[in-house]
Each structure stands twice: as structure tokens, then as C-alpha cells.
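Hydrogens, waters and symmetry mates play no part in the numbers below; they use all other heavy atoms, side chains included. By convention here, the first residue in the shown sequence is residue 1.
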Amino acid sequence: MRLSEASAHLGSFSARIKEEPHLPTQVGKEGKIGSLWISSTAVKAADAMLSRCPSPYEKRCLLHLLAATDFGDGGSAATYYQRLYWKVNLAEPSLRKNDGLHLGNEPLDDASILTALEEHGHWEQARNWAKHLEASGGSWKSATHHVTETQAESMVAEWKEFLWDVPEERVALWGHCQTLFLRYSFPPLQAGLFFLKHAEAAEKDLPARELHELLLLSLQWLSGTITQCNPVCPLNLLREIETRAWLLAVESETQVKSEGEFTLSSREPASGKGSSIIDRTASIITKMDNHINSVRIKSGERNDTKESNQSHLKATQMSDSSSSAAILGGAKVKRRAKGFVPSRKSLADPVDRSNEPETSSISFNIKEDSQIPDENLKIEATFSKWEERVGPAELERAVLSLLEFGQIAASRQLQHKLSPGCMPSEFKLVDAALKLAAIATPNNKVSVLVLDGELRSVMQSYHLFPNQHVIDALQVLESLAILLTEGRGRGLCRRIISVVKTANVLGIPFSEAFEKHPIELLQLLSLKAQDSFEEAKLLVQSHYMPAASIAQILAESFLKGLLAAHRGGYMESQKEEGPAPLLWRFSDFLKWAELCPSEPEIGHALLRLVATCQGIPHACEVELLILSHHFYKSSACLDGVDVLVDLAFKKVEAYVSEGDFPCLARLITGVGNFHALNFILGILIENGQLDLLLQKFSAAIDANAGTAEAVRGFRMAVLTLLKQFNPNDLDAFAMVYGHFDMKHETASLLESRAEQSSKEWSLRSDKDQTDELLASMRYFIEAAEVYSSIDAGNKTRQACAQASLLSLQIRMPDLHFLNLSETNARRALVEQSRFQEALIVAEAYGLNQPGEWALVLWNQMLRPELVEQFVAEFVAVLPLQPSMLLELARFYRAEVAARGDQSQFSVWLTGGGLPAEWAKYLGRSFRCLLRRTRDLRLRYQLATIATGFVDVVDACNRAFDKIPENAGPLVLRKGHGGGYLPLM
């Protein structure tokens, strides 16, 4: 038979079964028996057909049709066939080849199918199969919950293998487990034991914060807070876990404060404030206690109703036997429930619980009565280590730690739960501090008459009562803080003192200040920045505040002060006058920024204001960006610097479009990051704002005492951009050089400008116009002055020589002295008849050497009248070097030897002719040189070399008192004063 035909037959059968009760045949008991017989017969026929199916595929097809058939038995047969359909799909290897489950090649029974699905991670299929098994009854009552628990354990195992070292992933793991339990309605007892078991197993590996989160989850499940049901764990065990959770909360809060981090808990949606770990723990435990109390009240009401019902049933027992049997059955059930209480009491802690009325009135519905002993053993095994771990010392530490963190109500509540008969003395001291603080504002001086009796007794018992009638409340509070030890209330007392001082500064009552969040108090103090720094510092030291919140408060207060200063026109001055007491000056903000432990957070807060706030004036935006960059740089936060540069790039476009160049100059000079913000320098230079840029930089350096490195970086950046955009703007370069007192660069620039001016004159056709030469001479003179100021002697001499050469060119326009080659420069030097002009040319071209002057003097030898004047001026300035004179002597001898008496060839020998008395003139000129030679030995040598000057030689011999060479050996003559006599 085809599947379509079988489906049609079964559909017809279902329709007739549905119509069978409506047929006008047999009615009553016989009709009902007929319908049941038809259904059972159909089921047997179906089973027979299933047993004869030749292949698993045909069996699956038949089961699919049977599962959709109504057998008239209320759907039990269809459910049965649906489970068989699921089973044959999962159990038969030939049918699961292409289903992706990969459960192996062996046939599987019900339990093996469930186990295989769980091992291979097919959780949805396993959960569906578990639901079918639960529907079949028997021992499969909690199969679905078993799958859920197995899935959670598998997640934990997978996380431990791959992601256990990442704290964020571990926190996410417990969140996934919590979501899994809520989604599939996992039993609260099993969920609580799951978290408690893993907290115990990983106690040494997990930090206190994660262990605390696990205990809180376990508490909420075991107390029934999550599922809004009765507690599934004895109250004494809940209190032990609660105590341990409090200890972990205190430890976690301490770690958070020491590390400067914020809590794992979410932000409260109502207030928008971040709650601490202790606050969150207190909130959860308060909800748990409220739930337990409400369950106790409802349980008491139900017990009263049951007692009234039972008395009414006893009065009517004789009239209705069936009701009596029901009452007896109910009484047996009740007795069994009472019998469970002693076994639960056996797990209680030795600490007295007689003052906790809720322990005797709450009924715990854990599971079926037959499973109660096993569950009690499971609970006892799970909680045994926690009971051993939490002793009296741990209880006291938990209570006093809560008191230290300011959780006064929670510490009292925990003390009342665990040991109501013993109250630590720290509670009295804290109560006294609170009462004293309430009357200490706004005046610290308090009369003794206003103190109540309890406060007086505490002060007298600790010898704090003064002799006079007026006490200083702050001094008494300081004494109370000393009496309290660290970790046992001293921190709370210090926080009270800080709040009292804050309230006095703000002029508000202590009660109002104590109810406010510390961040709110810091915000109010920041608005009185000039008068409240010490109080704000004490407030931050005594209270834990997230660094991001402190930074946000400081940034917002600074912006308010900036806006007020901008409206009043005080931003440029940065002096004492201004919108006091607001925080608006750099120096004040840097002092207040010490309150924040994280400098990058201050940069983030300032940058966030610029990015999010609308309508801030450009000048205020620039100041915020400058401060933000300061904190990013000091903390080496490179990511923050990158974000700031991107934001500045966007802001610059708006500034340029509005022509607000002063703000641009203030931004680049205030930030000082000339490499990253190089484009701002380019914009200012291109728009002719170099003078404004230099002024702003000078102001920034004077205000912040900039380092030499910052000055050097700015100078290099500006000069680089000038060479890039305006390489020919020499005035701009001169402005920069003069601003930074760059003497060498200034002098070089002046020399280059002088050379440029002289080149311009050389290109002129009219050489009589000397304006360019005068400008060039002025530049050389200024360069010489700059060089002389830095003791650069050679440079100064060269600049002066060039200026003198220019003056010579101006005085003698017919001759050409500028930009001569080396040969032409020597020719010009030789042709000068006056020493001053010759010296100018020699200095300008570096020819002031003895060998060069020999040629100059020799050129003047035939003009004795000029030689005498030339040599006189020469000797007044320069010395007559022996090498030069010896060279002139050789010139003289060679000239005389060459000419001799051949005067007839004089015209041919010298162009232009020589005077007839050339020998006379030449000798006269050389005698002038001999007269100027003071060294007798040199004069004697010159006369000897030149020849023809016998008189000069004899004069030198007489001066030497020299004996002729053909004389014999000499002896010293006595009494002659150094004369010699020949021996022979």
C-alpha cells in the first residue's frame, strides 16, 4: 500500500472514531465499551503492522502516519507513536546517516539515545527526546532538567579548556548558565547547588569578585527569590552563605578601590549612579529577606486556614465516611511533612537561632516525599564546607567590615540575624559620631547642653567629655576616629568627618550632605574651587569614587568656569581677576586634577565635552583640547592623542571658514604637538598669520614655562613650512630668526639679502643708481653687527670687508669691484695706487697676504712719490713681512740686471715707455723700503740681494762692527765693551 492510501485510510478511521459517539446506536455503558474496544483493537493492529515492517525506513513512515492519527483514546496512542517515531529516527543507524547527529552505527535504547545526544552536544534534540521520555512516565520524571544541567556542566568544561584565563569570559559563562536555567525553568534547588558547587570547586582559582557573584546567584536560587517560590534550603544554611557573601563583597570592594576599577554590577536605571558591590549585595539580600518574610506570612495564613478546616472536618466526620477517609489521608501527609523538619534541623549551625521566628513557620517543598532523605544528604554534603568555613570570627569580621564600608543597616541586620544578643561596641561609637556630626553643622562649636544622654555617656566612658561648656565637634570626631581601629569603623568615621567639613563649606546640614552621593558633593565643591580644595581632597581620599566620575566632574566645572571667563573677557589674561570662585585657570585645574587617579580619564572627559556639547565658543573648545592633550601626553595615552588629532582636524575646518585664526594659533601653540598638528601651522602661514602665531607661542611659553625642546620643535616646524610654502619670503624668515634670537641664521639671511641686492644692481643698465648697493651695504653692516654680538670675528671681518667694497664701488662707479674672479681681483688689487682702496679689495677677496702685496708694491716702484705715501700708509696698518721684502729685492736685482745700460730698449721692454731716469726712480723707491726696514740684519740682507746699495751695506757693517772676513781669529778686547781684536 502506498503512503497516500495508508494516510487516507487512517484519516477515514480517525473521522469515524470521532463520529462514533454521535451515532444513534447503542448508548450508555455498551456504547462506551464498543468505542474502547475499537481503539484498543486499532492499536493492536497498528502494533502488529509495526512488528511486521521489513525495514526501519518503512517502520518510520508508518510511525509518522500513526502519530498523526486519532485513535479515540484522548491522544495517548498518538503520543506513544510519536515517541516511537522519534526513537526510530535516533536509534536506527541506517536512518541517521544524513541527519548530522553522528551518533554511531549501533542500535540505541532510550537511555543510550539521551546519553549520546548529550555527549555530542545536540541539546535541543536531547531536550525534545527527554520530553518524550517524561511523557512516557516511569523513571524519566526529571530527564529535561538533567539535560539542562548536563548542558551547563558542558559549558563550564568547555570554558575551562579554552577561555578560563579571560576574566570577562568567565563572568559571561555564569551569565549564560543563569540564562539557561531561567529559560528552561530549572529547579531552584539544583540551580543553587550548581553555582555553590562551582564556587567551592574554583575558590582558589577565582578572584573574590567572581566568587561573590556565584554566591549571590546561589543565594537567590536557594531562597526562591528568582522563581518566587518557597525557600528550598534551611534558613541557617542560607545565613551561612549570606555571611560568606558579605565577606567576599567587602574583599571585592577593597580590591576594586585599590585597583581603581569600577564594579561588575550594572548601573541603576532609576538613579543613573553606579552602585558599589556592597550596595548591590545589600539590595539583593534585602530582596531575599523580604521574599522570605512574605513567604512566612503566607505560610502562616495557610496554616491557620488548614487548622480551621480540620476542626470543621472533625465535627462532620461521623456524617460522611468518604470525607473522613480523605481527612485521614491528609493528616498522614501532614505528619510526613512534619517528620522532615528534624532531619533538616540536624544540619543547623550551632549558633542559636531561637530568635528567628521564621525558621519554624516556613515549609520547604524540595521534592517528592520519597526523595527527601537523599536530597537532605545532598544538601548536607554541599554545605558542609561552608559551615566549617564560617565561624564566629568570620561572622564578626563580616559585621564590622560592613560597618567600615558604611553599610550600617546591613551590618545591624546581619548581626541581628546571626547573634542578636551581642552587639559590638563599634556600633555605639559610630552612632555617637553620627549624632555629633548632625549637630556640628554649620558651626563646629557645640554646647554641651544640646547633647543627649546616650552621646554624653559614650563621651564620658571614653574620656572625651570636656571641662568647658562648649566642645569642638570636629576634634571629638577625630578622637572617635582614633578610638576605632582600622577595618572596624574608622573608615566610616573619617568619611563622616569629611562630609561634616564639606557641609560646612557648602552651608548645608549634615543630614542633607550625608544622604548625597560623594560624587554630588564633589561636584558642589568644584563650583567653589578657590575655597574648597582641601575639603574636596579629603572627600576623595575618604570615599571611593570612580576615576571617570571624578574626571567628568572636574571637566564640567572647568567648562563652566571657562564660559564665565569668556563672557567676562578674562581668558587671555589668566591672572587672579576672573569669575571667582569658579575653576577656570590652567594652574587651578592642574591642582584639582591631582584628585583623579587616572590622567587619561581626565583627557577623555575633556575631549568628550568638546565632541558632545553644542554651542561652546571656539576659544573654550581650544582650551579644553589643550588640557586634554596635556593629560594624554603626560600619561602616554597614544590612542587619546590620535582621537584628539582627528577631532581637531574636524574643528579646524570650522575655524578657517569663520576666519578664527587666533583660536587656531592658540590651539597649535597650546598643544605643542607640532608634528601631528602640522597642518594647522601650514594653514596659518599660508594665510599670513605668522606674526599672530609667534605672539601666541610666546604667550604660551611664558605661561607654561616651556622647555627648550618645545621651542626647538616649534622653530623647526615653522621654518620647514616656510621653506615649503614661502621660500622667497625673506621678511618672514627674518621675523622668525629675530623672534627666536637665531644670530647665525639672521646674519646668514642678511648676507644673502645683501648678495641679492648687489646682483640686482649688477643687472641694472644705469649704474649711477646705487639704491641697491646702499641696501646691500646696510645688510652687510647689520650682519657684521650680529656676528660681533656672538664673537664671530672672522665673519664680522668678512661682512665689514664686503660693506667697504660696496662703498668703494659707490665712490668709484667707473671701475668694477663686485663679483670679480680671483684673477681679476688680483689685477684690480695691483692697479690700486692708494693703499686704502687696495686694502679694501684685498680684504674683500681674501688677498691680504704678503705675497700679494709684493706685486702691489713693485707696481708702484717707478713712482717714488706714490711709493713713499703708499708705504707709509701700509706700515701704519700692516707689517713689512721679510718674505715680501726679500721678494721685492729679488725683483729689483732682476730688473736692474735685465735692463743694465740698455736704455735704448726701454720703450720696447715696457709698454708705454719708462722715464729716462728709471734707474734713479727705482733705486729711490727701494731705498724707501730699506729705510722702513728696522731689522738691520734684514736691511743688510736686502741691500746685499738687491746690489748697488754699498752705502747701506757699509752702514750695516759699521753697526755690526764686523771685522773683514780675511782677518784671523778674534779675541775679546779688554775694556772695550764687546769689541774684538785679531790674534795675528
Side-chain angles (χ1 to χ4, degrees), residues 239-240 242-254 257-258 276-279 281-282 285-286 289 351-352 355 390-440 446 451-466 471-501 510-511 513-515 518 538-539 541-544:
R239 298 310 177 199
E240 304 293 350
E242 177 186 344
T243 304
R244 183 61 178 167
W246 276 121
L247 291 172
L248 290 172
V250 172
E251 183 179 354
S252 303
E253 190 79 16
T254 305
K257 292 182 179 181
S258 63
S276 66
I277 297 177
I278 291 182
D279 293 336
T281 305
I285 291 179
T286 301
D289 291 339
V351 181
D352 185 14
N355 292 321
V390 181
E394 296 292 324
L395 301 180
E396 182 182 6
R397 186 162 67 90
V399 171
L400 295 179
S401 297
L402 289 176
L403 186 66
E404 173 76 10
F405 278 90
Q407 298 291 332
I408 303 176
S411 61
R412 289 183 187 277
Q413 184 181 8
L414 184 61
Q415 180 68 30
H416 178 72
K417 292 175 185 177
L418 302 176
S419 182
C422 179
M423 189 66 64
S425 60
E426 285 80 2
F427 283 100
K428 294 182 180 180
L429 293 176
V430 170
D431 290 340
L434 289 173
K435 292 179 181 179
L436 193 61
I439 60 178
V446 179
L451 304 179
D452 59 1
E454 185 177 356
L455 182 56
R456 288 185 181 183
S457 64
V458 171
M459 294 176 62
Q460 289 176 352
S461 61
Y462 290 98
H463 307 289
L464 299 177
F465 207 80
I471 64 172
D472 191 338
L474 281 177
Q475 290 184 359
V476 177
L477 286 175
E478 294 285 353
S479 301
L480 290 176
I482 296 175
L483 291 174
L484 292 167
T485 58
E486 196 68 38
R488 300 170 68 94
R490 178 178 291 181
L492 175 60
C493 195
R494 287 176 178 171
R495 289 194 291 274
I496 292 174
I497 294 173
S498 67
V499 173
V500 168
K501 293 184 178 181
F510 170 78
S511 58
F514 197 66
E515 291 175 357
L538 180 61
L539 185 70
Q541 290 175 349
S542 58
H543 292 78
Y544 169 68

Exercise. Can a salt bridge be assigned to the pair Glu426 and Arg490 using a cut-off of 4.0 Å between side-chain N and carboxylate O?
Worked result: no
Exercise. Which distance, rounded to the nearest 0.5 Å, do you find between the CZ of Arg494 and the CG of Leu477?
Worked result: 13.0 Å
Problem set entry | Over all atoms of both residues, closest heavy-atom pair of Arg495 and Ser542 | CG-O, 3.0 Å
Exercise. What's the spacing between Ile285 CD1 and Glu242 CD if we round to 0.5 Å?
Worked result: 4.0 Å
Problem set entry | Arg239 CZ to Asp289 CG distance, which is reported to the nearest 0.5 Å | 4.5 Å
For this session: Could you go through the side-chain contact (heavy atoms from CB on, under 4.5 Å) check for Phe510 and Ile496 one step at a time?
Result: CA-CA 9 Å; Phe510 170 78; Ile496 292 174; 3.9 Å; yes
For this session: Over all heavy atoms of both residues, which pair between Ala282 and Thr286 is shortest? Give the atoms and the distance, please.
Result: O-OG1, 2.6 Å
For this session: Rounded to the nearest 0.5 Å, what's the gap from CG on Leu483 to CD on Glu478? Could you check?
Result: 11.5 Å
Exercise. In Å and rounded to the nearest 0.5 Å, what is the CG to CG distance from Leu492 to Leu480?
Worked result: 11.0 Å
Give the table of side-chain donor-acceptor pairs shorter than 3.5 Å for residues 429-438, with sequence neighbours excluded, one pair per line with atom names and distance.
from: Asp431; atom 1: OD1; to: Arg412; atom 2: NH2; distance (Å): 2.7
from: Asp431; atom 1: OD2; to: Arg412; atom 2: NH2; distance (Å): 2.6
from: Lys435; atom 1: NZ; to: Asp452; atom 2: OD2; distance (Å): 3.4
from: Lys435; atom 1: NZ; to: Glu454; atom 2: OE1; distance (Å): 2.9

Exercise. Are Leu248 and Arg244 close enough, and set up right, to give a side-chain contact (heavy atoms from CB on, under 4.5 Å), and what steps lead you there?
Worked result: CA-CA 6 Å; Leu248 290 172; Arg244 183 61 178 167; 4.2 Å; yes
